[in-house]
There are 2 protein chains.
Amino acid sequence: MASHRSSAGDPTRTLELLWREAAPLKGQRGPKPGLTVDTVVATAVELADAEGLDAVTMRALAGKLGIAPMGLYTYVPGRAELIDLMLDGLYAGMARRKPKTRDWRARLEAVAHDNRALFTKHAWLADVSTTRPPLGPGQLAKYEYELQALEGAGLGDVEQDAALTFVLGFVESCARAASDMRAARLESQMSDATWWQANAPLLARMSDPERYPTASRVGTAAGQAHGAAYNPEHAFRFGLERVLDGLSALMGQAPPPKRSRTVARKTAR
Amino acid sequence: MASHRSSAGDPTRTLELLWREAAPLKGQRGPKPGLTVDTVVATAVELADAEGLDAVTMRALAGKLGIAPMGLYTYVPGRAELIDLMLDGLYAGMARRKPKTRDWRARLEAVAHDNRALFTKHAWLADVSTTRPPLGPGQLAKYEYELQALEGAGLGDVEQDAALTFVLGFVESCARAASDMRAARLESQMSDATWWQANAPLLARMSDPERYPTASRVGTAAGQAHGAAYNPEHAFRFGLERVLDGLSALMGQAPPPKRSRTVARKTAR
DNA sequence: TGCAACTGCGTACGTCGTACGTAGATTCGG
DNA sequence: CCGAATCTACGTACGACGTACGCAGTTGCA
């Protein structure tokens with residue numbers, strides 16, 4: 001498991017659910033529902049935060065809510081739709097500060113950091129397809145807010161959308177990589193250092209520097225610099241700088257004076 | 001399902017398997033294995049290509065190979081390791097042309113396109129964590145080859161690694177988005193146009209242009225330009241240009257004379 | 001030729017999501 | 001105010017899945 005995809009069932013039903021348009025207009029006979037959709041979704045988020053998305057089984061969630069497993073299907077058509085609701089709920093709850101700067105780059109940087117913070121707070125988000133979730137109120141509000149970071153930067157509408165997609169895709173990509181690393185570490189039950197120590201001999205025998213000169217030089221340098229094969233924090237900082245520079249170029253501006261840029265320097269081998 | 005994660009078991013065992021170092025040195029009594037690891041992996045790839053990663057069930061694969069489900073565990077420790085092997089096999093089989101240009105940008109662009117082609121040919125790759133696969137021969141050869149695209153561009157070793165990770169992450173991100181779209185379309189059993197037609201009324205009622213002015217303006221423009229909410233092809237072209245421009249800035253070069261760049265232009269509302 | 005090692009495989013267990021049917025609670029029509 | 005219509009909550013059960021475990025049979029070596 002660990003995956004998602006949305007509404008195998010009626011997509012319109014999902015949309016109604018997202019916008020909380022479930023029709024309570026009709027007769028309303030029978031027993032009153034003891035719970036609300038919001039309670040269910042909120043509890044699911046709690047569970048996912050605490051134990052990961054895989055732990056959000058219909059049984060486990062029902063147990064936490066004190067109802068029978070099948071009782072969940074009263075509120076939610078299925079697991080996929082539940083996850084859609086969780087995602088949109090999180091989006092809806094994101095802080096939307098009034099942008100205080102006229103610099104689009106700073107605004108967009110803030111957007112990237114906000115998104116990254118969400119992935120950090122809810123690690124299970126990396127296991128969800130955030131690219132194409134059904135259009136809920138949270139998603140829409142988020143889109144509106146984030147687009148405004150690019151308003152007035154001289155981009156056409158289509159480019160504005162593409163630029164935002166680009167930035168968000170980058171952040172998600174980083175988050176997923178970070179999550180993969182975390183999962184790998186948990187599974188292997190050993191720290192990066194231990195793993196390296198255990199497998200270095202085998203790897204050294206395989207990957208001889210004569211056949212793979214560049215890989216061993218660069219790989220070693222990167223490994224030593226980061227203390228691991230991959231450093232999420234560094235990858236994010238580095239990548240975000242590139243992303244923003246790339247967009248700067250689109251707007252015909254030169255990248256800003258190098259702030260934290262390390263001097264390019266060849267490591268001797 | 002639809003997910004991955006690697007070797008819950010002994011990681012060293014996985015490494016030996018990747019490098020095909022399974023010890024046939026010892027006694028070798030008992031019946032000879034009727035199959036080889038390579039056959040198993042190749043068949044699994046065929047199956048995944050044809051019906052997706054979810055279809056690569058231990059049972060289904062065993063059936064295709066004409067053995068009992070549990071017989072697979074003779075060759076492979078488990079499903080996760082099988083997927084690792086599939087991935088590394090694909091990497092090993094990637095074409096590695098001799099770079100014919102001295103222009104790092106063209107070389108890196110080629111790397112991006114090659115990777116994209118792999119994702120296109122094997123759509124199930126988007127469901128696999130390609131960020132941190134165990135270090136196999138294919139992965140290593142790929143790393144070596146792709147790093148060479150950045151050699152001589154004036155980057156330090158650590159930056160070289162970061163730049164490659166950045167580019168590959170971008171390609172994977174695009175591939176995943178494209179795959180998500182495809183899956184959504186398949187599931188909903190209707191074309192994008194039909195979906196839009198069915199849900200436009202509800203969405204229009206919800207997302208009124210007064211509350212979400214930017215979103216509706218930009219969203220409409222993008223939707224009309226692409227004929228859908230998201231256009232993978234456009235996202236890739238646009239993003240790759242930004243990625244390369246961003247790296248250009250790092251190297252202190254100006255981005256190249258605009259080739260296919262559309263003129264930034266505000267769409268009137 | 002016997003024996004011990006090692007392979008291939010069958011059975012079975014514990015998960016999961018969820019289809020389906022039933023019983024009971026609730027409100028509406030008269 | 002009461003029967004009937006109707007909706008909710010829930011229990012049982014099914015068919016997937018990955019894979020632990022143990023047995024039987026085949027093979028190489030002494």
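Just so it is clear: chains get the letters A, B, ... in the order the sequence lines come, proteins before strands, and each one is counted from 1.
Contact check for B:M58 versus B:P69: no side-chain heavy atoms found under the 4.5 Å cut-off.
Here the P atom of nucleotide C:dT15 and the CZ atom of A:R79 are 16 Å apart, to the nearest Å. Here the P atom of nucleotide D:dC17 and the CG atom of B:L82 are 15 Å apart, to the nearest Å. In this structure, B:D54 atom CG and C:dC16 atom P are separated by 18 Å, rounded to whole Å. Between the CG atom of B:L35 and the C1' atom of C:dC9 there is a distance of 13 Å, rounded to whole Å. If you measure from atom CG of B:L72 to atom P of C:dC9, you get 10 Å, rounded to the nearest angstrom. Going from atom CE of B:M58 over to atom C1' of C:dT15 covers 16 Å, rounded to whole Å.
Applying the side-chain hydrogen bond (donor to acceptor under 3.5 Å, both in side chains) criterion to A:Y145, with sequence neighbours excluded, gives no partner residue.
Proximity of a side-chain donor or acceptor of B:Y75 to a complementary backbone N or O of B:L35 within less than 3.5 Å is detected. When atom types are taken as modelled, the side chain of A:D49 and the backbone of A:H122 share no donor-acceptor pair closer than 3.5 angstrom.
Within residues 59-71 of chain B, the residues approached by DNA chain C to less than 4.0 Å at the level of any non-hydrogen atom are B:I67, B:A68, B:M70, in residue-number order.
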Name the atoms and distances for all side-chain donor-acceptor pairs under 3.5 Å in residues 113-120 of chain B, with sequence neighbours left out.
from, atom 1, to, atom 2, distance (Å)
B:H113, ND1, B:E109, O, 3.1
B:D114, OD1, B:R97, NH2, 3.2
B:D114, OD2, B:R97, NH2, 3.4
B:N115, OD1, B:K142, NZ, 3.0
B:N115, ND2, B:V111, O, 3.0
B:N115, ND2, B:E146, OE2, 2.8
B:R116, NH2, B:E233, OE1, 2.6
B:T120, OG1, B:R116, O, 2.8

- [ ] Under the side chain to side chain contact (heavy atoms under 4.5 Å, CB included) rule, what do A:L140 and A:W19 come out as? Steps first, then yes or no, please.
- [x] CA-CA 11 Å; A:L140 187 59; A:W19 291 91; 3.9 Å; yes
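Distance from the side chain of B:Y73 is smallest to D:dT19 among D:dT19, D:dA9, C:dG17.
When the side-chain nitrogen and oxygen atoms of B:T57 are compared with OP1 and OP2 of D:dC17, one or more of them lie within a distance under 4.0 Å.
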